[in-house]
Amino acid sequence: MPHGNLDAYRRKRSSEATPEPMGSRTTAAGGRFVVQKHAARRVHFDLRLELEGTLKSWAVPRGPSLDPDVKRLAVATEDHPLEYADFEGSIPAGNYGAGAMIVWDSGRWVPLEDPVAGMESGKLLFELHGYKLRGVWTLFRTAGRRRSSDGSQWLLMKKPDAAARPSEESGDAEDELPPESVLSGLTVEELRDGCDRIEEVRAGIEASDAPRRRVDPRSLPLMLATASDRPFSRAGWIYELKYDGYRLVAAKEGGSVFLRYRRGGDVTALYPELARALRRLPVESIVLDGEVTVLDGGGRPSFARLQTRALLNRPVDIEQASVRRPATLFAFDLVSFEGHDLRPLPLLERKGWLARVLPPAGPLRYSDHIEERGEEFFEQAVAMGLEGTMAKDGASRYTGRRSSSWVKLRAERTGDFAIVGMSSPKGSRVGLGSLHLAVWDAAVGGLVYAGRVGTGFDDATLAELAERLSARRRKEPPCWAPSAEGPAVEAALSDAHLLGGRVADQTWVEPDDELVCEVRFKEWTPHGLLRHPVFLRLRDDKPIEDCVRRDEPRGREATLPAPPERRVEITNKSKVFWPDEGYTKGDLIDFYAAISEAMQPYLTDRPLVMTRYPDGIEGKSFFQKNAPDFAPDWLHKVRLTSPRTGKDIEYFVCQNRESLVYVANLAAIVLHVWSSRLHQLGQPDWCILDLDPKDAPFEDVIEIALAIRRLCHKIKLSSFVKTSGSSGLHVLLPLGGACTWEQSRSLGQLIAQIICRQLPEIATVTRNPERRGGKVYIDFVQNGRGRLLVAPFSVRPLPAAPVSTPLRWSEVKPGLDLRDHNIRTVPERLKKLKTDPLRGVLTEQPDLLAALRRLSELV
DNA sequence: GGGTTTC
DNA sequence: GAAACCCAACGCCGG
DNA sequence: CCGGCG
């Protein structure tokens, strides 16, 4: 790991043994675990963790509660048979008071006492001597639950089971804590050693030339660097890593600490972990200058993580984030120490003291340097995926302004991008103004917008590109908005957003393997756009699927953190949801898991709405459009703004089987989807005619469905049919995304009215049920923005657990019974059928104009 | 079903 | 500490 | 203008 010290780098340079791989940790039964230390050294612990006090556990109606006695952990190490550690509050707000511990279980942090049946082990995080430790432990297992007469539940605990297996290491990179910043891995002795060196520093600074003078951290003018684009080596200069974070001044005076950004903003409350570490530093007063970062699972600074961190307001969020996304301050300068102003001292002397003041682990880190070979160091830093390096004059004083004695060198990166559009030229520019670029995202299965490049072209290239692109125009952007946190899809791809408020003409083009270009750029912005892009060349030898975003510039693919594992924890599998049949929640989940492949085309890229039945089909239920906050990060969401009310809804978008299983586990029995997909929300894929019999005989539904089919056949428009699952049929007409909602609705209305005229005895478009006179209601109103269709393969909350099932037209005949297609039968049917009779509604490209012309001739 | 607010 | 609460929306109809 | 409907 490159942070904190440069041992790994130095070793590599001198061709010594390669560092041990980070992230490896072995665990054995009985609570033995290994904690890594930074810089490729590992320290082995034998910890036995015991609870002092009793774990009370679960209270009515749900949600854990903690017995106030449980305040301390007993930690046994080899040298120290028993050390007690106080808990630090690090749990979500809720029914369990302040001060508890959280554990790692089934891929997420949960309060320790959360009664996960059968839980045998987990990961544990606690603080000892101001350092956060974590490890895998085996503590106790659940023996069962008991319900008392007043309805409260109690969780019975057993002593640790000697045979209990330790939990698997989780590979979930998202929730994985960065390996270094929170782990100390230090023995108590080592921690004390770190403190002993303070006396040395104190005496040294007292004897130095540093004047006795207070430095006010609030008004301290900061040293700033000048930029350069070429790394260099100079005698007397030193080279540090450049961290991708915010500049931060950290100060302690007496008992109080103070953290500020470059421009002075007080952020003491935002980084409690830094404040704590600073408070515990065994010095009377100190002022540090550095860069605050939040590391990703691979130990690299993640600007995006830091940004989300910096947006937090509520104390609970901050406290939680300080554990889950802990900040690390890489301090590169010591400005003041116990009443001495160190700014007149040479940089190397300041850093020498700094190195000895800061502990070798924890959230406050010394930003080390090397003293030569700046070019090679820069290359290495870039290869490690870091932002760049800093070059500093080792003899320079801290002058508190922008200075040529500090130089920043930023990494440049190159990448291949699909061309998805262009803007028109301004002024004397020929051909085009800029190219719109996109990268392929395998998780999404499509292109994601990456920003624009407007420089680096020669006139010939401009002209050629403009000509080739003009021939491939399309109306809608062929790509998605870049980030879930960023602007909504539509807004992100709108002119206003792209051009920072200016409106210009955009042309979107059909992407192609031959429209790929290589671009040099500085970095990715948090919103997933390119910063400082320069066009290098066209390359026609690269399929767009290979235009993937590489966050590591060159040669780091092998060590990229694994993509977040999509794990779903199933709860209450055996809860009965359909009492008549005895079908359980587990059956529901199994069903959706089994048919997910067939269902996916109707879910992919479509905003999803759920009807949830947490207590089964006879319990209370509710609609839910907004995805709950607690949904895992890997679950795709999209924020859409209602054009009418301006209100935002953040919909789920089910892109894969795990998402479907997650949603099913929320007891979402019915899944409703939009008829249109994200990249063209204004153009539906199908027109829906909902045949709702109410009191009418089902035979009439069949007759009407067949009449619609005949009518569509006459106008040369295909039609498809599925059961609604409850009592009627859904007839779907393919639109191929070629018309608007209004046109779709008009088409539906026209067809419905024609059918009503044909079959006035059995069909009606009257919305009021009482006035339908026992006729079948043909509902065409569900064609509109935000209007929903019960998704094909959605289960219904009715006896027999019927499923909205795609049918072949030959099956639409007397004798058809909707309940025959249910949670039990549909998976088998799917296997037998091999093809989905409804799929054509998504794939066919009808000639709508011709169909409408024929239809108008009929009326 | 899970999180938040009120009592 | 436990119970209550929240979880959509919009046009259209007749009264 | 309101409540019910889907």
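Just so we're on the same page: letters track the sequence lines, and every chain starts at 1.
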Worksheet item: If you find the nucleotide of DNA chain B closest to A:Asp629 and the one closest to A:Lys620, which residue's nucleotide is nearer the 5' end?
Response: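 Nearest-nucleotide comparison on DNA chain B picks A:Lys620.
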d([atom1], [X]; [atom2], [N]) in whole Å:
X	N	atom1	atom2	answer
A:Ile570	B:dG1	CD1	C1'	13 Å
A:Arg785	C:dA9	CZ	P	12 Å
A:Phe652	B:dG2	CZ	P	12 Å
A:Tyr613	C:dC6	OH	P	19 Å
A:Asn783	C:dC10	CG	C1'	15 Å
A:Tyr651	C:dA9	OH	C1'	9 Å
A:Lys573	B:dG1	NZ	P	12 Å
A:Met610	C:dA8	CE	C1'	11 Å

Between the protein and nucleotides 2-6 of chain D, which nitrogen or oxygen pairs are less than 3.5 angstrom apart?
| from | atom 1 | to | atom 2 | distance (Å) |
| --- | --- | --- | --- | --- |
| D:dG6 | OP1 | A:Lys694 | NZ | 3.2 |
| D:dG6 | O3' | A:Asp779 | OD2 | 3.3 |

Describe the nucleic acid contact of [X] in one word from base, sugar-phosphate, nothing, applying a heavy-atom distance below 4.0 Å.
X	answer
A:Phe630	sugar-phosphate
A:Asn626	sugar-phosphate
A:Thr571	sugar-phosphate
A:Asp615	nothing

Discussion item. If the cut-off is 4.0 Å, is A:Lys575 near the phosphate of B:dG1, judged by side-chain N/O to OP1 or OP2?
Written reply: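 Answer is yes, contact under 4.0 Å.
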Worksheet entry | Contact under 4.0 Å: A:Asn665 side-chain N or O vs B:dG1 OP1/OP2 | no
Discussion item. Exactly one of A:Val790, A:Ile669, A:Val670 should register a side-chain contact (heavy atoms from CB on, under 4.5 Å) with A:Thr611. Which one does?
Written reply: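 Of the listed residues A:Val790, A:Ile669, A:Val670, the side-chain contact (heavy atoms from CB on, under 4.5 Å) partner of A:Thr611 is A:Val670.
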Worksheet item: Hey, which of A:Val653, A:Val663, A:Val638 is the one that makes side-chain contact (heavy atoms from CB on, under 4.5 Å) with A:Leu608?
Response: A:Val663
Polar contact flag, side-chain donor to acceptor under 3.5 angstrom, [X]-[Y]:
X	Y	answer
A:Lys575	A:Thr584	no
A:Asn665	A:Lys585	yes
A:Ser727	A:Lys694	no
A:Thr740	A:Gln743	yes

Worksheet entry | Same-atom distance (C1') from C:dA8 to D:dG4, integer angstrom |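 16 Å, rounded to whole Å.
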Fill in: Closest nucleotide among C:dC12, C:dA9, B:dG1 to the A:Arg745 side chain
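Of all the options, the side chain of A:Arg745 is nearest to C:dC12.
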Practice prompt. Choose from B:dG3, C:dA9, B:dG1 the nucleotide whose nearest atom is closest to any side-chain atom of A:Lys625.
Written response: C:dA9
Worksheet item: Do the charged groups of A:Asp685 and A:Arg677 touch, with an N to O distance under 4.0 Å?
Response: yes
Discussion item. Assess whether a salt bridge exists between A:Arg787 and A:Asp779, defined as any Lys/Arg side-chain N lying under 4.0 Å from an Asp/Glu carboxylate O.
Written reply: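 No salt bridge links A:Arg787 with A:Asp779.
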